[in-house]
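Numbers restart at 1 for each chain; the letters A, B, ... are given by sequence-line order, proteins then strands.
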There are 2 protein chains.
Amino acid sequence: MAGLADIAKAAGVSVSTVSRVLNRRAGIKEDTRQRVLDVLNQLPHTARGLGALRRTGVVGLLVPELSNPVFPAFAEALESRAAQAGYASLLCNTRAAMSEKDYVQMLTARGVEGMIFVSPEIANPDSDERRSRREYEELLGEGVRMVFVNGCAPSLDVPDITVDEHLAGYTAARHLLDLGHRRIGFVSGPARALPSRLKQAGWSAALDEAGVEPAAELVAHAAFGAEGGAAAMAELLDGPRPTAVLCSSDVMALGAMREAKRRGLSTPEDLSVVGFDDIGLAAYCQPALTTLAQPIADMAAAAVDELARRLDPDEPPRRATSFSRMFRPTLIVRESTAAPPS
Amino acid sequence: MAGLADIAKAAGVSVSTVSRVLNRRAGIKEDTRQRVLDVLNQLPHTARGLGALRRTGVVGLLVPELSNPVFPAFAEALESRAAQAGYASLLCNTRAAMSEKDYVQMLTARGVEGMIFVSPEIANPDSDERRSRREYEELLGEGVRMVFVNGCAPSLDVPDITVDEHLAGYTAARHLLDLGHRRIGFVSGPARALPSRLKQAGWSAALDEAGVEPAAELVAHAAFGAEGGAAAMAELLDGPRPTAVLCSSDVMALGAMREAKRRGLSTPEDLSVVGFDDIGLAAYCQPALTTLAQPIADMAAAAVDELARRLDPDEPPRRATSFSRMFRPTLIVRESTAAPPS
DNA sequence: TTGTACGCGTTATCAC
DNA sequence: GTGATAACGCGTACAA
């Protein structure tokens, strides 16, 4: 049971300094800060006293947004598994009013033991990758325990529970090729977004394999969201018209289908559409959406279990990257795909 | 600046007893507990020291579920307004893994200053109304500051920001009557759910006004959710077939439309459908859903502002009920409603 | 069931 | 910028 005093003694500083470092207060020289953090990380992570370093049974779940239903779905799955493991969950929406960084600060101050980041800021195509990488490394240095879900950040020493995006793109394209399609478009998210890039690579590989050219004019980039999907679909339909389209998410697929309908094309008769995620409403839209399901429950279980192991004082500390896992998406064929018009 | 010591002195007990009461620990005689709580409530609510009773700038948002997109939408709107008011938000999903009561306990222990309950437990048709009323009254007695959104609990002394459900039902039915419909069904949530009952009353009033009998066989009850909507629609279609159907929520409407399509009926040609909520995807479904929008941003602003006033040490305390407000829903006509088949 | 004594981290103050 | 110190408020172990 180590408290501020022990850390202070080991680092050769005063308790006030340790307190200041842990609470990220200004006015601390960098190397002093580093010395304290070094000591903190050398201490066995069982070292938890009765004060602010005590066990609370609370974890933080950070999701980038709530308007795409896949994130609420992840949140519910994570919360449910965390409860089974004996942890209460606090949910934070990191790209709306408050930044991920601010939430992390607030959660640690509120005595959260660990955090799960779904699509963390480092996977945000709009963020400065180098800066956010440095920020996560600082958190690791401070002993903050965390796990990523779909983090797309293999270079960071954080366990990352992902879905195989490449396989998703490949499987979707393969499904459309099997139906007889040859001109298969790809409605992508922002060009810098790694999940979209990986799916595109899978799509490209499947087309290559089938002897079809994955031409650049078959790919349209747009912002995530239904409006983005509609915009990207409009771009594709203005060019040489594809007979099928693969979308980066179900939400984009809904926007894309709407744009197709606006132009008098019906799905799947004139144009097949494949989504990605399998949000709950995908089965209830007209036509019901063919999509690639993320195994959300399994991924949530893996993420929570990995975090729980890192929080368990009886478990030995473990390197992070070796415990990352990649899950396979599942093709769910519904009504939005069919053979191309003859 | 009053702390545990002041409260203890005024109540004639020790600080540990006050601590135990505030943390809801077992092993406290009821009248001792009551004496402490009485003192707590007589103290001006500016009385906040440096310990667990200090100001933290954090509020809790409690929503019943995340699978109906209307709740994530409320959560984002509330969070955004709370951030404007200088508060960070912690989101809790109260009907999944952990109960509302457990979350309240945990949030107070984590130093949350106040809470906003969207569709609180007392509005849950499956809950024991008397028991949950008592629990809220206990919280009020402990000085917990809270505001309801769509709480449907006028008898409790908690400000309640609601949408006018009766007007929603009336407006939807009126819209369908104006289109020429006469047999208008109602897909309701569980029979005990007050929001559904109020909408049904509005539907009933509009039909009466038009000289149409709101027959019981035109109403079908089912669980909330898309599956429930499908089941209720099946029940209605097994009886004397209506030409239009009004649903308790957009999610139920999607399920209902799916069931109609399964039976070879197309919307709106054979059957008009009206939803309620205006979830983001309502505009992107085929056909786009005619619905009654809740003014989510306005309701969120009202709820946050009311809570903020209650947390402001400079504001005088105010009775709760007199600050409840009811908002008007807006009819949004899209593609799922049309004149009845001739 | 309740009070006392102690441990904890935080904050403020002052010295250097 | 950092350390020493003291006061403070909360939580808990333990004793009554």
Separation of atom [atom1] in [X] from atom [atom2] in [N], rounded to whole Å:
X       : N      : atom1 : atom2 : answer
B:Leu4  : C:dC6  : CG    : C1'   : 16 Å
B:Arg55 : D:dG9  : CZ    : P     : 19 Å
B:Lys29 : C:dT1  : NZ    : C1'   : 7 Å
B:Arg54 : C:dT11 : CZ    : P     : 8 Å
B:Arg24 : D:dG11 : CZ    : C1'   : 16 Å
B:Ile28 : C:dT1  : CD1   : P     : 9 Å
A:Arg33 : D:dT2  : CZ    : C1'   : 16 Å
B:Gln34 : C:dT1  : CD    : P     : 17 Å

Subject >> For A:Glu121, the option from A:Lys101, A:Arg131, A:Arg95 that meets salt bridge (charged side-chain N to carboxylate O under 4.0 Å, His left out) >> reply: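 Testing each of A:Lys101, A:Arg131, A:Arg95 against A:Glu121, the sole residue satisfying salt bridge (charged side-chain N to carboxylate O under 4.0 Å, His left out) is A:Arg95.
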
Please classify the nucleic acid contact of [X] as base, sugar-phosphate, or nothing, using heavy-atom distances under 4.0 Å.
X       : result
A:Gly12 : sugar-phosphate
A:Arg25 : sugar-phosphate
B:Val13 : sugar-phosphate
A:Leu22 : nothing

Original post:
Are B:Leu61 and B:Leu90 close enough that some pair of their side-chain heavy atoms sits under 4.5 Å apart?
Top reply: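 Side chain of B:Leu61 against side chain of B:Leu90, heavy atoms only: no contact under 4.5 Å found.
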
**OP:** Side-chain contact test, heavy atoms from C-beta onward, threshold under 4.5 Å: evaluate it for B:Val149 versus B:Phe74 and give yes or no.
**Re:**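 Yes, side chains in contact.
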
Original post:
Strictly by modelled atom types, are B:Arg133 and B:Ser155 linked by a side-chain donor-acceptor pair under 3.5 Å?
Top reply: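 A donor-acceptor contact under 3.5 Å links the two side chains.
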
Original post:
Hey, is CD on A:Glu129 packed in by over 12 heavy atoms from elsewhere, all under 6.0 Å?
Top reply: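 No, not enclosed.
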
Original post:
According to a strict under-4.0 Å criterion, is A:Ser19 in side-chain N/O contact with OP1 or OP2 of C:dT10?
Top reply: yes

Original post:
Looking only at side-chain N and O atoms, does B:Thr17 come under 4.0 Å of OP1 or OP2 in C:dG3?
Top reply: yes

Candidates [options] - which lies nearest the side chain of [X]:
X       : options              : answer
A:Asn23 : C:dT10, C:dT4, D:dA4 : C:dT10
A:Arg20 : D:dG3, D:dG1, C:dT1  : D:dG3
A:Ser16 : C:dT1, C:dT4, C:dA12 : C:dA12

